[in-house]
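Every value quoted in this text rests on a predicted model; they were computed, and no experiment measured them. Lettering of chains follows the sequences in order, A, B, ..., and the numbering in each one begins at 1.
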Amino acid sequence: MITISTRVRLARNIKNYPFPGRMSKEQAREIVDRVWGVLENLKIDGGLELVAMNKISEIERLSLVEEHMISPNLAANVDTGVALVSKNRKVSIMLNEEDHVRIQVIMKGQQFKEALNLAVQIDKALEPIGYSANEKQGYLTSCPTNVGTGLRVSSMLHLAAIIKTGNLNRTIESCNKLGIVVRGLYGENSEPTGEMVQVSNQVSLGQTEEELTQLVERVSSQIAEFELQLRHKILKEDRISVEDRVYRSYGLLQNVRRISASEALSLLSDIRAGVQMGILQTVSGAILDQLQLLVQPAILQRYTGRTMNPQDRDVVRADMLREKLKIQK
Amino acid sequence: MICQNCNKNQATVHYKQTINGKHKEMYLCPECYQQMQGLNEFGWTSLFGGLVPNRSQVLQCKKCGTTYDHFVNGEKFGCANCYEVFDEKMDQILKRLHGSSLHQGRLPKEFQTIGKASSFHDKLNEHVKKVSKRKKDNEEFEPKEDVSNKKSFADPKLEKIHNKINVLKQEMADAVKVEDYVLAAKLRDEIKKLERKMEGGENK
């Protein structure tokens, strides 16, 4: 319950083409044609759909970023960026991002081995295309921080108690010593939003895919365990304060008339922790997951089908939250 | 220990070689070892690297135009060829970033020379299990003959191939023991192929 989701990413480049930073538009289109030629009929996860960045609106592009299906980098590459997305949104293959191909698998909860297996399955299917690699350095990537396995394993963790008790920095420091990076949800330098952090492997070379996956899995479980212990401790020491905080946040979300995304996310974090600690029983985990997405700017606009300025969005967001949380009463 | 070749300098390299079953073992100083190996490419580049301090400024990938300075200034590599062009600097960079410069994970099929051997290996293991079961009651299992030879290399690529050859040799010896001559012959061909590859690498 602390681990919201697991993500696995493999970076690959195709032989005989410059990396995306030095590629012509023509070459970038060739990459898309060749990859799609191999993966179009792939029977994985209900099949893939080709989403070209130049065929969808900005709101749709940003919604995909907020859903973690694509990176902000790919959304910005309107000319040649393409995502191959599976029907149930577990798989997203980004083309012409920092590398030619980035295979990404996202699964709910803790599913490290399952996510790695699915990513490797797709990787094997695409392999006949001819990857840039050598025996010494493994898979070659445009940034040497990804060379070798090209693998980044990460988990999204909800650390309400660790952050509230001021233990985040301590946690980050111990993780760094183990070769693990902790950061905000949208990559490097981003702040933790809604008390969610992303935990991932720092190195991609010199260890096998399985070793790296096990490392992230082990550290994620340890952080989750620490979070649970802290929750237990604060509940035991001062239950009334915890209950007060959870019910205040719940009351706010049921009554607000105008609210920003970041405030909504932080209140939702209190409610999520409250539900998990057995304080609030009227809200389901499924509705929390849905609201977590819906309060974000682009997804909110896609949901309502309207393009809005930030002020109008805050009003519509509050309406939406009141409506959704009323049903739960 | 003093170098067994020049009898002057301190020996730091333990050199072992097996050619046609004849074992040769020597303790050498780095200079004599280098001489024995012949001055390979690595030796020349590090020599020049020391003489021309600004050599990195002219390091440029001919395929994509990326220079080493571009890279140092935060740009990414332009193409796969950059890894070869900047090879001299790569080990250092990769060690700093990853704590290692040698890949350990999966590779595409076309690069898996050792992968091919491992399918032999699976087959071989089955044989060994069968035979050892038979042997268990009557006699003790013979200790394995050590057919490996240890050697240090300036180029990690060569070292990797050398290690592979050792593994395959051990497997070939095992295959002969269990009388699987088809497998042994396949392994022999694989070893010959790798040895040719290595000779090519050393004489560069």
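Annotation: A:R170, atom CZ; neighbour count of heavy atoms from other residues, nucleotides and ligands within 6.0 Å does not exceed 12. Environment of CG in A:N16: sparse, with no more than 12 heavy atoms of neighbouring residues, nucleotides or ligands closer than 6.0 Å. The environment of A:E114 atom CD is dense: over 12 non-hydrogen atoms of other residues, nucleotides or ligands sit within 6.0 angstrom.
Between the side chain of B:K160 and the backbone N or O of A:E135 there is at least one donor-acceptor pair closer than 3.5 Å. Not a single donor-acceptor pair under 3.5 Å links the side chain of B:H103 to the backbone N or O of A:T208. Listed for the A:E209 side chain is a donor-acceptor partner under 3.5 Å among the backbone atoms of B:R106.
Taking SG of B:C64 as the start and CE of A:M23 as the end, the distance is 12.5 Å to the nearest 0.5 Å. For the atom pair OG1 (A:T145) and CG (B:L94), the distance works out to 10.0 Å, reported to the nearest 0.5 Å. Taking OH of A:Y131 as the start and CZ of B:F111 as the end, the distance is 12.0 Å to the nearest 0.5 Å.
Counting heavy atoms from C-beta on, the side chains of B:Q104 and A:T149 never come closer than 4.5 Å. A heavy-atom distance below 4.5 Å is not found between the side chains of B:L97 and A:V203. Side-chain contact check for A:Q137 versus B:Y83: some heavy-atom pair is nearer than 4.5 Å. Using a 4.5 Å cut-off on side-chain heavy atoms (C-beta onward), B:F77 and A:C143 make no contact. Taking 4.5 Å as the limit, every side-chain heavy atom of B:C79 sits out of range of all side-chain heavy atoms of A:Y17. Contact of the B:D91 side chain with the A:K136 side chain is registered, since non-hydrogen atoms from C-beta on lie closer than 4.5 Å. When side chains are defined from C-beta on, A:P144 counts as touching B:F71, because their heavy atoms get closer than 4.5 Å. Using a 4.5 Å heavy-atom threshold, the side chains of A:P128 and B:K109 count as separate.
Of the listed residues B:A80, B:S101, B:S100, the one with more heavy-atom pairs under 4.5 angstrom with chain A than any other is B:A80. Chain B forms more heavy-atom pairs under 4.5 Å with one residue of A:V147, A:N13, A:L212 than with any other, namely A:V147. Annotation: maximal heavy-atom pairing with chain B below 4.5 Å, among A:P18, A:P20, A:S142, A:G130, occurs at A:S142. Counting heavy-atom pairs under 4.5 Å between each of A:S132, A:G21, A:A133 and chain B puts A:A133 at the top.
When heavy atoms are compared at a cutoff of 4.5 Å, A:Q207 approaches chain B solely by way of its backbone atoms N, CA, C and O. Only the side chain of A:E98 comes within contact range of chain B, with heavy atoms under 4.5 Å apart. For B:E75, the part sitting under 4.5 Å from any heavy atom of chain A is the side chain, from C-beta outward, and nothing else.
Taking every heavy atom of both residues into account, A:G138 and B:L107 meet most closely at CA-CD2, 3.9 Å.
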